[in-house]
> 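What follows is a single structure, and I will ask about it in a moment.
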Amino acid sequence: MVASALTTAPALAEDVEVLHWWTSGGEAAALNVLKGDLETQGIGWQDMPVAGGGGEAAMTVLRARVTSGNAPTAVQMLGFDILDWADQGALADLNSVAAEQGWDAVVPEALQAFAKVDGKWVSAPVNVHSTNWVWANKAVLDSNGIAVPTTWDEFAAAVDALSAAGVTPIAHGGQAWQDATVFDAVAMGALGPDGYKAAFIDLDEDALGGDAMKTAFERMEFIRANVDENFSGRDWNLATAMVINGEAGFQMMGDWAKGEFLGAGKTPGDDFLCFRFPGTENQVTFNADQFAMFDQGGTVSAEQAALASAILSPSFQSAFNVVKGSVPARTDVSDADFDACGKQGMKDLAAAAASGNLFGSMAHGHANPASIKNAMYDVITAHFNGEYDAETAVSELVDAVSIAK
């Protein structure tokens, strides 16, 4: 499979074909920053968008393209997917670009763990997203006398108050990756950072099967009882729109949701609120969008080098992440152009990295390989849809991980 990819004819001169899943309004606006940067260098952009916020559909398309010997120039990837393709020898060596721009000194080690293999840079990090955010409609909360909750009990009380007022408390899209995103934050709050690491990174059976995990599933049942009846199959950005439009109070979603608020002309602090999921204020669970360059002849093409260089330039890192809602993958970028949520995100990331509270997100492919992540997805979604009670879900989770290892 990989051999066929490596014999593919390269893209047209001064042209890059980019496979990605950034198709919502906020994401597309952010991607235009990168397109515009390349256009100033005379490099064309062949867009290959594959809808699906978690990237699963894009990875399916990628496998088909590689199998047919037609790998794209560059592909948006997350976490262990990057390492898997690198292990197959399919990715180009970006060390020359990295050395020229000094990536080693400015990209956090937590990101380098997914961007470098055997000392070789194989992808260019675009951003750092954190996933344990809550987004709220400020007017809805204010009109119901609700302050920002800082504990699970306060959050549950706020949800009950919205429900009593006839407002949908929680906007959610019933897709496996969205269910897992919510569970990721809920589990961090229930297990604590040590328990989260033990369960989702170390895959410790006692942590996976313990009482705290049962509590996490019980809290998911409470959340399931407070989403609207039409949640199944809803795209994440449509759930965000419910909060923007005052149809719902809260959404638990990564910071890419901010792009939707900004695209709708909303201002943080005035129109919407961003805060860490209650009980996880000192932790950051992250994923990082990266663009991996597929080896198309043994050397990095001029266009691939230009794309990688543009992605890691400080000016692009600021301009892109201001729009996207994420924070820069470089540690030396100023927060001057970022709004209140962006500044908070950069501050939280730095503090979590310094204190050892920065964790790869289970839901977004940065805690364990895809086979284990998908096994967890199956259990989380089955439970959320009522197939298991909390006790059974814990048992199923332990079994699923054991089989997937």
Side-chain angles (χ1 to χ4, degrees), residues 1-8 10 16 18-19 34 55 59 62-63 66 71-129 197 201-203 286-314 316-317 326-333 349-350 352-354 356 358-361 364-373:
M1 181 177 71
V2 172
S4 64
L6 302 186
T7 58
T8 302
V16 290
V18 183
L19 190 159
L34 182 56
M59 291 303 96
L62 174 62
R63 285 190 289 272
V66 173
T73 313
V75 181
Q76 179 188 0
M77 284 192 191
L78 298 174
F80 282 89
D81 287 335
I82 300 170
L83 303 184
D84 288 344
W85 283 106
D87 287 343
Q88 296 179 56
L91 303 184
D93 184 343
L94 300 177
N95 270 0
S96 58
V97 182
E100 182 179 339
Q101 294 197 322
W103 292 1
D104 285 288
V106 296
V107 177
E109 289 185 8
L111 269 71
Q112 292 190 32
F114 295 102
K116 294 176 71 174
V117 175
D118 296 329
K120 180 175 75 175
W121 283 89
V122 295
S123 60
V126 183
N127 58 18
V128 182
H129 275 299
K197 178 180 182 298
I201 297 174
D202 300 335
L203 304 177
F286 79 92
N287 71 357
D289 291 299
Q290 305 200 38
F291 278 103
M293 310 296 167
F294 270 71
D295 190 330
Q296 297 182 326
T299 59
V300 176
S301 71
E303 293 73 37
Q304 286 177 318
L307 176 60
S309 180
I311 287 170
L312 264 297
S313 68
F316 169 77
Q317 286 277 317
S326 44
V327 301
R330 297 178 62 118
T331 57
D332 60 343
V333 176
L349 180 69
L358 180 60
F359 299 93
S361 165
H364 294 270
H366 283 69
N368 44 62
S371 59
I372 294 173
K373 180 195 75 172

> Does Gln290 reach the main-chain N or O of Gly79 with its side chain, forming a donor-acceptor pair under 3.5 Å?
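Checked: no pair found.
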
> For the residue pair Ser309 and Gln101, confirm or rule out a side-chain donor-acceptor distance under 3.5 Å.
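Distance-only check passes for Ser309 and Gln101.
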
> In the structure I gave you, are the side-chain heavy atoms of Leu94 and Val300 within less than 4.5 Å of one another anywhere?
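Yes, their side chains come closer than 4.5 Å.
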
> Is any side-chain heavy atom of Val126 closer than 4.5 Å to a side-chain heavy atom of Phe291?
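Result yes, sub-4.5 Å side-chain heavy-atom pair found.
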
> Would Asp104 and Lys116 count as a side-chain contact (heavy atoms from CB on, under 4.5 Å) here? Give the steps.
CA-CA 10 Å; Asp104 285 288; Lys116 294 176 71 174; 2.7 Å; yes

> List for me each residue that meets side-chain contact (heavy atoms from CB on, under 4.5 Å) alongside Ala329, sequence neighbours excluded, and say none if there are none.
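Scan of Ala329 (side-chain contact (heavy atoms from CB on, under 4.5 Å), adjacent residues dropped) gives Leu111, Pro125, Gln317.
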
> Should Lys120 and Asp118 be marked as a salt bridge (charged side-chain N to carboxylate O under 4.0 Å, His left out) after you check the CA-CA gap, both sets of side-chain angles, and the distance that decides it?
CA-CA 6 Å; Lys120 180 175 75 175; Asp118 296 329; over 6 Å; no

> Any heavy-atom pair between the side chains of Leu307 and Met293 that's under 4.5 Å?
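When only atoms from C-beta onward are counted, Leu307 and Met293 do touch, with a gap below 4.5 Å.
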
> Nearest 0.5 Å please: distance from the NE2 atom of His129 over to the NE2 atom of His364.
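The distance works out to 9.5 Å.
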
> How far apart are the closest heavy atoms of Thr299 and Asp295, and which atoms are they?
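In this case the closest contact between Thr299 and Asp295 is N-OD1, 4.4 Å.
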
> Taking all non-hydrogen atoms of both residues, which atom of Gln76 and which atom of Asp289 are closest, and how far apart?
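Nearest pair, atom of Gln76 first, then Asp289: NE2-OD1, 2.9 Å.
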
> Could you check whether any side-chain N or O of Asp81 sits under 3.5 Å from a backbone N or O of Pro369, counting only pairs where one atom can act as donor and the other as acceptor?
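No, Asp81 side chain to Pro369 backbone: no donor-acceptor pair under 3.5 Å.
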
> Is a donor on one side and an acceptor on the other found under 3.5 Å between the side chain of Asp84 and the backbone of Ala86?
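Absent.
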
> How about Leu91 and Ile82: do any of their side-chain heavy atoms sit closer than 4.5 Å?
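Yes, at least one pair of side-chain atoms sits under 4.5 Å.
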
> To the nearest 0.5 Å, tell me how far Met59 CE sits from Met77 CE.
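Answer rounded to 0.5 Å: 5.0 Å.
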
> Stepwise, does the side-chain contact (heavy atoms from CB on, under 4.5 Å) test hold for Asp93 with Val122?
CA-CA 5 Å; Asp93 184 343; Val122 295; over 6 Å; no

> What closest approach, in Å, do Ala71 and Phe294 show between heavy atoms, and which atom pair accounts for it?
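Ala71 and Phe294 have their closest heavy atoms at CB-CD2, 3.8 Å.
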
> Test your reading of the model: is there a side-chain donor-acceptor pair from Gln112 to the backbone of Val107, 3.5 Å cut-off?
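At least one qualifying donor-acceptor pair exists.
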
> Any side-chain heavy-atom pair from Val97 and Glu100 closer than 4.5 angstrom?
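The answer is no; the side chains never approach within 4.5 Å.
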
> Compare all side-chain heavy atoms of Leu78 with those of Phe114 and state whether any distance is below 4.5 angstrom.
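Counting from C-beta outward, Leu78 and Phe114 never come under 4.5 Å.
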
> May I ask you to decide if Ile201's main-chain N or O and Asn368's side chain share a donor-acceptor pair within less than 3.5 Å?
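Not a single qualifying donor-acceptor pair exists.
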
> Is there a side-chain contact between Leu312 and Trp103, using heavy atoms and a 4.5 Å cut-off?
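In contact.
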
> Does Thr73 form a side-chain contact (heavy atoms from CB on, under 4.5 Å) with Glu303? I'd like the steps, not just the answer.
CA-CA 9 Å; Thr73 313; Glu303 293 73 37; 5.6 Å; no

> Run the side-chain contact (heavy atoms from CB on, under 4.5 Å) test on Phe316 and Arg330 for me, step by step, so that the C-alpha distance in whole Å, both residues' side-chain angles and the decisive distance to 0.1 Å come before the verdict.
CA-CA 11 Å; Phe316 169 77; Arg330 297 178 62 118; over 6 Å; no

> Are the aromatic rings of His366 and Phe286 close, with centres under 6.0 Å apart?
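Yes: the rings meet the under 6.0 Å criterion.
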
> Judged by atom type as modelled, is there a donor-acceptor pair below 3.5 Å linking the side chain of Ser326 to the main-chain atoms of Asn127?
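No, the answer is negative, given that no donor and acceptor are paired below the 3.5 Å cut-off.
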
> Can you find a heavy atom in the side chain of Pro72 that is under 4.5 Å from one in the side chain of Leu62?
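Result yes, sub-4.5 Å side-chain heavy-atom pair found.
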
